[in-house]
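First the structure, in the form of structure tokens, and then the observations on it.
One is the number of the first residue; the rest follow in order along the sequence.
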Amino acid sequence: MASSLHYCSLFSFMILLSLSLNAALLPSLAALTYHGGPLLTGNVNLLVIWYGQFGKVQKNAIRAFIKSLNYDGGLNLQPQVSFWWDMVESYQLAAGKKGGSIAVKVVKTVVDANCSASKNLTADNVSSIFKKAVGKDIDVVPVLFSARDVAVQGLCMEKCSEHGLYGGKQPTIVVGNPESECPGECAWPFHKTNHGPQGMTLQPPSGNVGADAMVVAFASSLVDLVTNPFSTGFYQGQQANPIEASSACKRIFGSGAFEGYTGKLRVDPSNGGAFNTHGVEGRKFLLPAIWNPKTSSCWTLL
């Protein structure tokens, strides 16, 4: 009996030590500050650019996510993507402004399947793609999705997507497909990570690693774009390299998360896909945590 108690105590100590070490490896979370500038409100009209060759699964997953942002699936589908989006909308009140719905929809689509600019995109290449696609549509948010065989300058190192300003005044987003270029950096938890504790590799809810990795990356940048569109909204740290509403909670998907562990999730019995929210047409998604301005902590759906 004594030896059994000793073993149990030792086992419990090792678990606690492991959790403590993993917690110590997490990045410290700093409170975001509102810097007085405008947020995106009302209608957010997207101009989607498909740059390179995309499969139907990838396009459909991203389109369904966008449609799910303002979709109410009823009580039988909980939690919903729209509930996740409610947290983003709450930033208006946190800024002392009148709250309201932020309606996101695709108003224009451009396809460049032949990669007319290059398959190794520089910042200048991206700017020229935006210029050609936008034209005189100054009220749209251009979103460039690059195919798996396209490299984008600035992505795959510490960023899997990024938001910026075209012409110094028009908010933009660039999202890379990491499936071939950098799965170890930007496809976790659907691929083994290149650094830190490996944890468990999960099945993507759509069945396609590239599709769901891009949904995570796009969702992250969309949150940061809405809450800090002109680098004068919510962020912490340096304006040129800020910690924002989504990046403050990087690699957190559920409660109890630590480095190498996503946190609490659900598993779709039909395909084994890991998810934490429901969307249109019975779709399931894995969406990242968001910084909650009310509690000054990372908020998750589960």
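Considering only heavy atoms from C-beta on, Met214 comes within 4.5 Å of Ile62 through its side chain. No side-chain heavy atom of Asn45 sits less than 4.5 Å from a side-chain heavy atom of Val141. Pro293 is not listed as a side-chain neighbour of Leu32, based on a closest heavy-atom distance of 4.5 Å or more. Glu89 places a side-chain heavy atom less than 4.5 Å from the side chain of Ser101. When side chains are defined from C-beta on, Phe65 counts as touching Leu287, because their heavy atoms get closer than 4.5 Å. In this structure, Pro205 and Phe190 have side chains that are in contact, with non-hydrogen atoms separated by less than 4.5 Å. Val104 has its side chain within reach of Trp85: a pair of non-hydrogen atoms, C-beta onward, lies under 4.5 Å apart. Counting only heavy atoms from C-beta outward, the side chains of Tyr71 and Arg283 never approach each other to under 4.5 Å.
In the hydrophobic clustering, Leu121 connects to Leu47, Ile49, Tyr51, Val107, Val110, Val126, Ile129, Phe130, Val134, Val140, Leu144, Val150, Val152, Leu155, Tyr166, Val174, either directly or through intervening members, whenever side-chain heavy atoms lie under 4.5 Å apart. Residue Val57 shares its hydrophobic cluster (ILVMFWY side chains chained together at separations under 4.5 Å) with no other residue.
Note: Tyr235 and His35 have parallel aromatic rings, judged against thresholds of 30 and 60 degrees for the angle between ring planes. Using cut-offs of 30° and 60° for the angle between ring planes, the His278 and Phe275 rings count as perpendicular.
Formation of a donor-acceptor pair under 3.5 Å by the Thr33 side chain with backbone atoms of Gln236 is not found in this model. In terms of modelled atom types and a separation under 3.5 Å, the side chain of Ser247 and the main chain of Ile243 share no donor-acceptor contact. Although no hydrogens or angles enter the test, the distance criterion places no donor-acceptor pair under 3.5 Å between the side chain of Ser127 and the main chain of Asp124. Not one N or O on the side chain of Lys169 forms a donor-acceptor pair closer than 3.5 Å with the backbone of Ile138. A donor-acceptor pair is defined here as one N or O able to donate and one able to accept, closer than 3.5 Å; no such pair exists between the side chain of Asn292 and the backbone of Ser297. Checking side-chain atoms of Glu244 against main-chain N and O of Val223 turns up no donor-acceptor pair under 3.5 Å. Of the possible polar contacts, one joining the Thr277 side chain to the Pro79 backbone as a donor-acceptor pair under 3.5 Å is found. Remark: the backbone N or O of Gly272 is not paired with any side-chain donor or acceptor of Gln203 at under 3.5 angstrom.
Residue Gln58 holds its CD atom at 4.5 Å from CG of Asn208, rounded to the nearest 0.5 Å. Atom CG of Asn120 and atom CD of Gln153 lie 10.5 Å apart (nearest 0.5 Å). Rounded to the nearest 0.5 Å, atoms CD (Gln53) and SG (Cys115) are 7.5 Å apart. Interatomic distance, CD1 of Ile290 versus CH2 of Trp299, reported as 5.5 Å (0.5 Å rounding). A distance of 8.0 Å separates CD of Glu162 from OG1 of Thr172, quoted to the nearest 0.5 Å. Atom-to-atom distance recorded for Gln92:CD and Leu40:CG is 10.0 Å, nearest 0.5 angstrom.
When the shell of 6.0 Å around NZ of Lys105 is examined, it contains 12 or fewer heavy atoms from other residues, nucleotides or ligands. Annotation: Gln78, atom CD; neighbour count of heavy atoms from other residues, nucleotides and ligands within 6.0 Å is above 12.
Linking Ile, Leu, Val, Met, Phe, Trp and Tyr whenever their side-chain heavy atoms come within less than 4.5 Å leaves Trp84 and Leu265 in two separate clusters. In this structure, Leu302 is not a member of the same hydrophobic cluster as Val215, with clusters built from ILVMFWY side-chain heavy atoms closer than 4.5 Å. Under the 4.5 Å side-chain heavy-atom criterion for grouping Ile, Leu, Val, Met, Phe, Trp and Tyr, Val280 is not connected to Ile102 through any hydrophobic cluster. Following chains of ILVMFWY side-chain contacts shorter than 4.5 Å, one can reach Phe83 starting from Val88, so the two form part of one hydrophobic cluster. Under the 4.5 Å side-chain heavy-atom criterion for ILVMFWY residues, no single connected hydrophobic cluster contains both Leu286 and Phe145.
Under the side-chain hydrogen bond (donor to acceptor under 3.5 Å, both in side chains) rule, Ser246 has a single partner from Ser221, Ser161, Ser220, which is Ser220.
Nearest heavy atoms, Ala245 versus Thr227: CB-OG1, 3.6 Å. Closest heavy-atom contact between Val175 and Ala217: CG1-CB, 4.0 Å. Contact record, Val81 with Gly279: CG2-CA, 4.1 Å, taken as the closest heavy-atom pair. Scanning both residues, Gly233 and Asn228, for their nearest heavy atoms gives N-OD1, 2.7 Å. Looking at every heavy atom in both residues, Ala248 comes nearest to Cys298 through O-SG, 3.9 Å. Looking at every heavy atom in both residues, Glu259 comes nearest to Gly196 through OE2-CA, 3.8 Å.
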Q. Could you go step by step and tell me if Phe234 and Leu39 meet the side-chain contact (heavy atoms from CB on, under 4.5 Å) rule?
A. CA-CA 9 Å; Phe234 284 90; Leu39 311 181; 4.0 Å; yes

Q: Take Ile66 and Leu46 through the test side-chain contact (heavy atoms from CB on, under 4.5 Å) and record every step on the way to the result.
A: CA-CA 10 Å; Ile66 295 170; Leu46 305 181; 3.9 Å; yes

Q: Quick one: do Trp291 and Ser296 satisfy side-chain contact (heavy atoms from CB on, under 4.5 Å)? Show the steps, please.
A: CA-CA 7 Å; Trp291 181 264; Ser296 292; 3.6 Å; yes

(Q) For Phe253 and Val216: C-alpha separation, side-chain torsions, deciding distance, then whether side-chain contact (heavy atoms from CB on, under 4.5 Å) applies. (A) CA-CA 10 Å; Phe253 296 91; Val216 171; 4.0 Å; yes

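Separation of the Tyr91 and Tyr34 ring centroids does not fall under the 6.0 Å cut-off.
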Per-pair distances, 0.1 Å, donor-acceptor, side chain in residues 177-188, under 3.5 Å, sequence neighbours excluded:
| residue | atom | partner | partner atom | Å |
| --- | --- | --- | --- | --- |
| Asn177 | OD1 | Glu179 | N | 3.0 |
| Ser180 | OG | Arg148 | NE | 2.8 |
| Ser180 | OG | Arg148 | NH2 | 3.0 |

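Residues forming a salt bridge (Lys or Arg N to Asp or Glu O under 4.0 Å) with Asp86 (at least two apart in sequence, or on another chain): none. For Asp268, the salt bridge (Lys or Arg N to Asp or Glu O under 4.0 Å) partners are Lys284, not counting sequence neighbours.
Under the 3.5 Å distance criterion, with hydrogens and angles disregarded, a donor-acceptor pair is assigned to the side chains of Thr122 and Asn125.
Applying the salt bridge (charged side-chain N to carboxylate O under 4.0 Å, His left out) rule to pairs touching residues 50-79 yields nothing, sequence neighbours excluded.
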